[in-house]
Protein chains: 2
Amino acid sequence: MQKNRQTTIIDIAKQLGVSPSTVSRALHNHPSISAETKKNVLALAEKYSYQPNLLALSLLNKRTGIIGIVVPEITSYFFATVISGVQDMVSSAGYKLLICQSNESFEEEKKLLQDMALLRVDGVLISPTFRTKTFDHFDRLKSAGIPLVIFDRDCPHYKADKVLVDSYDGAYQAVEYLIKTGRHNIAHIAGPIAFPTFKQRLDGYLNAHYDNNIPIRSELIVYSDGFSSDYGVDAFVQLIARNKKLDALFAVNDAVAIGAMRVIRENGYRIPEDISVVGFDDESYAQYYFPPLSTVWQPVYELGMLSAKILLDHFASKELGERFRYEILKPELVIRESSISLS
Amino acid sequence: MQKNRQTTIIDIAKQLGVSPSTVSRALHNHPSISAETKKNVLALAEKYSYQPNLLALSLLNKRTGIIGIVVPEITSYFFATVISGVQDMVSSAGYKLLICQSNESFEEEKKLLQDMALLRVDGVLISPTFRTKTFDHFDRLKSAGIPLVIFDRDCPHYKADKVLVDSYDGAYQAVEYLIKTGRHNIAHIAGPIAFPTFKQRLDGYLNAHYDNNIPIRSELIVYSDGFSSDYGVDAFVQLIARNKKLDALFAVNDAVAIGAMRVIRENGYRIPEDISVVGFDDESYAQYYFPPLSTVWQPVYELGMLSAKILLDHFASKELGERFRYEILKPELVIRESSISLS
DNA sequence: CTGTTAGCGCATTCAC
DNA sequence: GTGAATGCGCTAACAG
């Protein structure tokens, strides 16, 4: 492409026969500047559609005005909505947002954080991959003076600002609801439990049983290696094969739920009469599914806003203090027609 | 946060009592450099985990190694997958990807492109909002020497590199298939037709009728103002109210299709026996819907890869020539159980 | 009111 | 082999 040098402050300085600093001042409404020169400068700037070079500014100011966000994937309603919340918050504060996805790859996550450090972003929001077990790459950011906020996915033994959703509570609500509606043989398709969020959902499932004096039957629990619809299919095929009595399903998320529901139907069970189903996430399609899917809604947009807010607070306070914020948001059970009382 | 100056090339130069240039050379495998000093430099660099400052480099080289992509929204399977394709392509070429969403807002789109220009990204991929009717903001990028590739959404009268999917063909295939299966009263829920892609889908619907000698009944066409599931609900409610004979539905996309299907069912029609339904996009949930949704699959990942490739070619050729690339990818009809032959 | 100087971090001349 | 000088685009401190 042609050497399309953008017009710089120097170009217009030369043309006006003044110094670059004068131009700079004119452009910034500096108090001491003659109306005359200011007018001339602005005119030329307009004419050449002058754009300040952010790189030069960033180099000078040691801040880029960019906030980075790393999510495992952007396809899900969950993360996409978090991003919306973050974007609204940071852009209202004049920051730009650099969105990246790790695809659940630890290596990619490290690389992305590395890139962000090189780019000198002002701060980072991250939802780690579920394979992330070491945190050197987080520490490296911090020691470079770049504040970090972890959201949605907890890193139990790592100290940092965190904004999480209480998955345990959501699962507990869902399962207790199933119990109260007379379902006592509730299957659970768990996600990879190495992953704290999924572990918490499992725990919610277990404790809801315990607290309501319903015996837990381990043969009703399937541990999946993933959490897309395919895994839901496989998991429910396993459940069928076990040939146990079963009148409800609590799936680790909606994607898994719809996969399982296909198998449920293919095996001649009715939803919700024979098997009540509850998912998790309230994906955009959940309410339009047939039958509309009961699920657990999470305050996702708020999650994004709050995470971003905490990061912005860091910039204001200038202190990377030892006190870490730890915020837990509450999810809500949404009852639709995929579940129904037995009575 | 503490003044955490990152270690620079100068710091380690001082400490070794050599000049910055020597350090720079050592770090870059420069031929003429003693093994001794090189070793020392590398050791210190390691010790302080030296990171080159990308901003300084970018300022120097007039290239940032960042490619920007602007999409209307990132929640849909479509754009999320495009992004994956783009990401894989550009990162294999050593570029970083700056992802932004315009939320279908023209103002936001302008602002984002402006930001990218200021940041001096090396190139931009964009799928314009459907409200984008003027292209000054595109031209501004080009005149700043930043190449631009438009994907998925056409801007009919604007000259630029473009990578599109043949929506007309996809729609035509879908509707012709419905006709061949004996459906002659096919409704269409159209998206906002100001939007070329949706207009093309409508045209495909119309011409498939024409070519197969099926009369077009305008009362079977609903023009929606949007293309989320909600609009599908509203649109089909309208169709019902019109009380016309109808044995199939071709929806502008899957989201609209599942909204409509809920209404279809609520009104006592069976899918596919009474009404065959075909969507568009092959969203991740389409195959798990009940009944599994017939739809039009698009080579989305390839779309992303190809768009990115074209942009990368620009960098290689150094010519912002007058010849524009224009690539059209073909979609494929995917038949599932939401549609069936009448016979 | 305006020009000069310096420096952000780095790579690349050109000298030695 | 290595150092000194230069400049990418810009702003701020210091002189007038």
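Below, chains carry the letters A, B, ... as their sequence lines are ordered, and counting in each starts from 1. These numbers come from a predicted model, not from an experiment.
- Note: CD (A:Gln51) to P (D:dC8) measures 19 Å, nearest angstrom.
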Worked check of side chain to side chain contact (heavy atoms under 4.5 Å, CB included) between A:Asp11 and A:Tyr48: CA-CA 10 Å; A:Asp11 299 328; A:Tyr48 296 131; over 6 Å; no
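- Between B:His28 atom NE2 and D:dG1 atom P the separation is 18 Å, expressed in whole Å.
- In this structure A:Ser19 satisfies the side-chain contact (heavy atoms from CB on, under 4.5 Å) test together with A:Ser21, A:Thr22, sequence neighbours excluded.
- Among the heavy atoms of the strands lying under 4.0 Å from B:Ile9 are primed sugar atoms or P, OP1, OP2 only; no base atom is included.
- B:Arg63 has its CZ atom 17 Å from the P atom of C:dC10, to the nearest Å.
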B:His30 vs B:Lys38, side chain to side chain contact (heavy atoms under 4.5 Å, CB included): CA-CA, chis, key distance, verdict: CA-CA 9 Å; B:His30 191 93; B:Lys38 182 167 176 180; over 6 Å; no
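- Across the protein-nucleic acid pair, A:Lys62 atom NZ and D:dG9 atom P stand 19 Å apart, rounded to whole Å.
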Sort me out a list of protein N/O and nucleotides 12-16 of chain D N/O pairs below 3.5 Å, or just none if empty.
| residue | atom | partner | partner atom | Å |
| --- | --- | --- | --- | --- |
| D:dA13 | N6 | A:Arg25 | NH1 | 3.4 |

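- With rounding to the nearest 0.5 angstrom, the CZ atom of B:Arg25 is 11.5 Å from the OG atom of B:Ser34.
- Here the side chain of B:Thr8 is nearest to one of D:dG9, C:dG9, C:dG3, namely C:dG9.
- Remark: of the listed residues A:Leu60, A:Leu54, A:Thr64, A:Thr64 is the sole one forming a side-chain contact (heavy atoms from CB on, under 4.5 Å) with B:Leu55.
- Side-chain atoms of A:Thr129 and A:Thr132 include a donor-acceptor pair closer than 3.5 Å.
- The stretch residues 30-44 of chain B touches DNA chain D through B:Ser32, B:Ile33, B:Ser34, B:Thr37, each having a heavy atom under 4.0 angstrom from the strand.
- Out of C:dC10, C:dC8, D:dG3, the shortest distance to the side chain of A:Leu59 is found at C:dC8.
- Here D:dT2 presents its C1' atom at 13 Å from CG of B:Leu16, a figure rounded to the nearest Å.
- Here B:Arg153 pairs with B:Glu104 in a salt bridge; the nearest charged N to carboxylate O distance falls below 4.0 Å.
- Residues from residues 110-120 of chain B that place a heavy atom under 4.0 Å from any atom of DNA chain D: there are none.
- Distance A:Leu57 CG to D:dG9 P: 12 Å, rounded to the nearest Å.
- Shown here is B:Lys162, whose NZ atom has more than 12 heavy atoms of other residues, nucleotides or ligands within 6.0 Å.
- Distance alone, capped at 3.5 Å, places no donor-acceptor pair between the B:Thr134 side chain and the B:Asp136 backbone.
- Relative ring orientation between A:His137 and A:Phe106 is described as perpendicular, the plane-to-plane angle rising above 60° on a 0-90° scale split at 30° and 60°.
- End-to-end axis angle for the helix from C:dC1-D:dG16 to C:dC16-D:dG1, using five pairs per end and rounding to 10°, comes out at 60°.
- Within a 6.0 Å radius of NZ in B:Lys14, other residues, nucleotides and ligands contribute 12 heavy atoms or fewer.
- Within the 4.0 angstrom heavy-atom criterion, base atoms lie near A:Leu60.
- Here the P atom of nucleotide C:dT2 and the CG atom of A:Leu27 are 14 Å apart, to the nearest Å.
- Atom OH of B:Tyr158 is surrounded by more than 12 heavy atoms from other residues, nucleotides or ligands within 6.0 Å.
- Atom C1' of nucleotide C:dC10 and atom CD1 of B:Ile10 are separated by 8 Å, given to the nearest angstrom.
- The environment of NZ in A:Lys159 is sparse: at most 12 heavy-atom neighbours from other residues, nucleotides or ligands sit within 6.0 Å.
- Every pair passing side chain to side chain donor-acceptor pair (under 3.5 Å) that includes a residue from residues 85-94 of chain A is listed here, sequence neighbours excluded: A:Asp88-A:Tyr301.
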